[in-house]
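Counting convention: from 1, in listed order, for ligands and their atoms alike. Given the structure is predicted, the values throughout are model-derived calculations rather than measurements.
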Amino acid sequence: MTTKCKDRIFLVGPMGSGKSSIGKALALVTERPFLDIDEEIVRYAGKSIPQIFEDVSESGFREIETEVLKRCFNYNAVIATGGGIIGREENRKLLKENGLVVYLLADVETQFVRTSRDNNRPMINVSDRRQRLEEIFKVRDPLYNEVKDFCVDSGKHSIHDCVEQIKAKLKEFEWKV
Ligand code: S3P
């Protein structure tokens with residue numbers, strides 16, 4: 001823990017787990033900048049995420065995602081990641097080595113409700129979205145657990161409560177709050 005950057009906090013977790021909204025609130029109260037890797041990917045590629053998937057498929061998107069992740073190490077910030085960033089072993093290593101990793105857990109039903117009106121996520125652009133979310137979660141939950149320093153259940157708690165829980169953990173780990 002002592003070798004880690006004490007100012008960089010990564011939020012990982014499934015689509016709809018609140019990484020961006022909790023990240024923005026956490027950044028505000030802990031006076032850190034906020035970065036959203038998905039937004040940085042769009043800026044880097046000059047096109048939307050669905051367009052990137054269409055042009056270079058998921059594997060091309062993952063290449064860009066890793067490159068953008070590496071660029072984030074220039075910033076001490078609260079960083080919201082994309083739900084699939086933990087798929088690559090390289091990314092998991094980079095996350096663990098370069099900041100505190102908070103797993104925002106949300107049950108599949110919560111993920112389903114929160115993503116139901118969104119068409120900007122190619123991974124769940126299928127007819128049976130609930131089933132797809134279930135399949136993805138089964139594969140990824142162990143990987144989120146592998147990289148996390150601790151977990152907060154954002155399916156059961158409000159944004160405010162999640163931020164408070166993260167702040168308490170930062171104090172416990174003697175990180176800057
Ligand atoms: C993805 C999640 C998205 C985005 C891309 C792929 C995934 O981010 O990175 O659509 O594989 O789960 P959010 O988790 O912010 O929706």
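Note on ring orientation: taking the six-membered ring where Trp is involved, the planes of F73 and F10 are perpendicular (angle over 60°, cut-offs 30° and 60°).
One finds the CD1 atom of I159 at 9.5 Å from the OG atom of S154 (value rounded to the nearest 0.5 Å).
Counting the atoms of ligand 1 from 1 in the order shown, those under 4.0 Å from a heavy atom of G82 are 8 (O), 9 (O), 14 (O). Close approach to M123 involves these atoms of ligand 1, each under 4.0 Å from a residue heavy atom: 6 (C), 7 (C), 11 (O). For ligand 1, the atoms lying closer than 4.0 Å to a non-hydrogen atom of R140 are 7 (C), 11 (O), 12 (O). Here is the list of ligand 1 atoms found below 4.0 Å of a heavy atom in P122: 10 (O).
The only option from I52, I49, T81, I85 that meets the side-chain contact (heavy atoms from CB on, under 4.5 Å) definition with E65 turns out to be I85.
Using a 4.0 angstrom heavy-atom cutoff, Q111 does not count as in contact with ligand 1.
With salt bridges taken as basic N to acidic carboxylate O contacts below 4.0 Å, one links E97 and K93.
Looking only at heavy atoms of the protein, atom 2 (C) of ligand 1 is closest to G83 N, 3.4 Å. What sits closest to atom 5 (C) of ligand 1 on the protein, heavy atoms only, is F61 CZ, 3.8 Å. Here the heavy atom of the protein found nearest to atom 16 (O) of ligand 1 is R121 NE, 2.6 Å. In terms of protein heavy atoms, atom 3 (C) of ligand 1 is closest to D38 OD2, 3.5 Å.
Under the 3.5 Å distance criterion, the side-chain polar atoms of R114 are matched with a main-chain donor or acceptor of G16. Side chain of T115 to backbone of Q111: a donor-acceptor contact under 3.5 angstrom is found.
For E172, the CD atom counts as densely surrounded, since its 6.0 Å shell holds more than 12 non-hydrogen atoms of other residues, nucleotides or ligands.
At a heavy-atom distance under 4.0 Å, only side-chain atoms of R62, from C-beta outward, approach ligand 1.
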